[in-house]
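Predicted model only: the values in this text are computed from it and were never measured.
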Amino acid sequence: MIRHRAKKGLTQKNKTKRRVKRRIVSLFFLLAAVLAALFIYRLYREDKGYLDRFKELEETEEQDYGYDKKKPESSNPDWIGWLKIRDTSISYPVMQRQGDAEYYLHRDFDGAYSFYGTPFLDIRCTPDSDNCIIYGHNINGGRMFGALHAYAGESYYKKHPEIQFRAGQEKRTYEIMSVIQTDISSPVYSFVDTGNHEEYREYVRKILSGSLYRTEMAGQIEKKLEEESEDDFFRTYQFLTLSTCRSWAGRDQRLLVVAAREWETE
């Protein structure tokens, strides 16, 4: 009789322990679900805020405030231009913070933390450099510079062959010459300004040779390379390089969309 009661007591204790464990597990999953929901909501709020702010800035840009020396009080002195590719999602301010090369890597236009960051000009560059390098994140859904990956297909380039870049008060149009899948060691990242005629020519050749396909602008430049001397060809073109990562291909892998325009001669 005593053994029977003891067994019964142990069984009851085991049942109680199992119930407690089930409750703990249930509470754990409930807490995880709440935290996940809060995380998703936070991302939603950040995403909406990011879209709303860029939309506001785009409206400002379209009203030509960006071309006026008297910019709105809400503008940022690091705002140096605007990048746009017609009929695509790419329409963003371009920033540059002197003394801090990656300031806008994870900051929004107003300087607050942002996973998306804001496109920014390489700190070594000025808007009048031989090659203006602009960086932007590869965000899922084709946001930020994630949209550039569509240029891996030649048909997409043919529909969107131009890049517009307002630098200061000057509106510029560049024609895409090369789309390059490369890594952080690419010589294109070393090409900013050069006073050497031969070096300038060699950089241009490397940009042309690395392209996934041949563009109309590439054909025009190749013809000048063949027909003109180093002195005559030197700084005939100014280049604009848009750089983003290819995270699925490797941490150091990059996509470059390089465009060019002829320097305006006085």
Side-chain angles (χ1 to χ4, degrees), residues 80-81 83 85 94-99 101-102 119-136 145 148 151-152 154 157-158 160-168 170-246 249-250 252-266:
I80 63 165
L83 184 71
I85 302 178
V94 177
M95 317 300 286
Q96 188 181 58
R97 169 63 66 96
Q98 293 300 322
E102 296 186 344
F120 60 95
L121 181 67
D122 192 304
I123 199 169
R124 299 168 299 167
C125 300
T126 72
D128 293 323
S129 289
D130 292 334
N131 182 27
C132 296
I133 306 173
I134 299 175
Y135 303 94
F145 278 12
L148 293 177
Y151 278 105
E154 187 175 358
Y157 145 72
K158 290 180 177 179
H160 310 93
E162 296 181 346
I163 300 174
Q164 295 178 334
F165 177 41
R166 179 200 39 95
E170 183 184 3
K171 299 179 181 180
R172 303 173 178 176
T173 298
Y174 297 78
E175 293 183 46
I176 293 172
M177 60 176 286
S178 291
V179 178
I180 305 170
Q181 291 181 342
T182 182
D183 57 38
I184 57 175
S185 66
S186 171
V188 181
Y189 289 117
S190 300
F191 180 34
V192 176
D193 285 298
T194 176
N196 184 306
H197 297 58
E198 183 179 351
E199 189 177 60
Y200 176 87
R201 194 183 187 94
E202 185 59 28
Y203 274 125
V204 175
R205 288 191 184 280
K206 288 178 179 178
I207 292 171
L208 290 168
S209 65
S211 186
L212 295 175
Y213 45 82
R214 192 169 185 271
T215 66
E216 289 186 16
M217 190 59 166
Q220 175 184 317
I221 293 174
E222 287 171 348
K223 185 177 180 181
K224 283 186 178 291
L225 276 170
E226 293 174 1
E227 296 177 349
E228 297 182 359
S229 66
E230 286 184 356
D231 287 348
D232 290 335
F233 184 76
F234 183 54
R235 286 186 173 148
T236 299
Y237 297 94
Q238 184 197 31
F239 301 92
L240 176 70
T241 298
L242 308 185
S243 170
T244 194
C245 66
R246 295 189 296 135
D252 295 334
Q253 298 302 302
R254 298 292 183 269
L255 175 81
L256 304 179
V257 176
V258 187
R261 69 175 187 131
E262 287 197 56
W263 282 108
E264 295 181 3
T265 56
E266 296 181 359

Side-chain touch Tyr200/Phe191, heavy atoms, less than 4.5 angstrom: yes

Ser178 side chain to Ile207 backbone, donor-acceptor under 3.5 Å: yes

Atom of Asn131, atom of Leu240 and distance for their closest heavy-atom approach: OD1-N, 3.9 Å

Atom of Arg246, atom of Thr182 and distance for their closest heavy-atom approach: NH2-O, 3.3 Å

Inter-residue atom distance His160.NE2 - Ile85.CD1, 0.5 Å rounding: 8.5 Å

Non-hydrogen side-chain atoms of Met217 and Tyr174 separated by less than 4.5 Å: no

Steps toward side chain to side chain donor-acceptor pair (under 3.5 Å) verdict (Ser185, Asp183): CA-CA 5 Å; Ser185 66; Asp183 57 38; 2.4 Å; yes

Working for side chain to side chain contact (heavy atoms under 4.5 Å, CB included), residues Thr173 and Arg261: CA-CA 7 Å; Thr173 298; Arg261 69 175 187 131; over 6 Å; no

Over all atoms of both residues, closest heavy-atom pair of Val94 and Phe165: CG2-CE1, 3.9 Å

Donor-acceptor contact present, side-chain Arg235 to main-chain Asp130, <3.5 Å: no

Spatial distance of atom CG (Asn196) from atom CZ (Phe234) [nearest 0.5 Å]: 7.5 Å

Distance, nearest 0.5 Å, that separates CD of Glu102 from CG of Asp122: 10.0 Å

CG-CG distance between Leu121 and Leu83, expressed to the nearest 0.5 angstrom: 10.5 Å

Spatial distance of atom CD1 (Ile80) from atom CZ (Arg166) [nearest 0.5 Å]: 9.0 Å

Residue pair Ile133 / Cys125: nearest heavy atoms and the distance that separates them: N-SG, 3.6 Å

Side chains of Ile134 and Phe145 in contact at under 4.5 Å (non-hydrogen atoms): yes

Minimum heavy-atom distance between Ser129 and Trp263, given as atom pair plus value: O-CZ2, 4.0 Å

Ionic contact status for Asp128 with Arg172, cut-off 4.0 Å: yes

Pairwise side-chain contact, Tyr237 with Ile221, heavy-atom cut-off 4.5 Å (strictly under): yes

Side chain proximity check, Leu256 to Ser186, heavy atoms < 4.5 angstrom: yes

Pro187 versus Tyr203, closest heavy-atom pair with distance: O-CE2, 3.4 Å

Backbone N/O of Gly136 and side chain of Thr244: donor-acceptor pair under 3.5 Å: yes

Pair Glu162, Gln164: side-chain N/O donor-acceptor within cut-off below 3.5 Å: no

Pair listing, side-chain hydrogen bond (donor to acceptor under 3.5 Å, both in side chains) test, anchored in residues 205-217, at least two apart: Arg214-Glu222

Validation row: Val204, Phe239 side chains within 4.5 angstrom (heavy atoms): yes

Worked verdict on Tyr151 versus Leu242 for side chain to side chain contact (heavy atoms under 4.5 Å, CB included): CA-CA 12 Å; Tyr151 278 105; Leu242 308 185; over 6 Å; no

Pairwise distance CE(Met177) to OH(Tyr157) - rounded to 0.5 angstrom: 11.0 Å

Within-4.5 Å side-chain heavy-atom neighbours: Ile184 and Arg254: yes

Thr236: side-chain contact (heavy atoms from CB on, under 4.5 Å) partners, not counting sequence neighbours: Lys224, Glu228, Phe233, Glu262

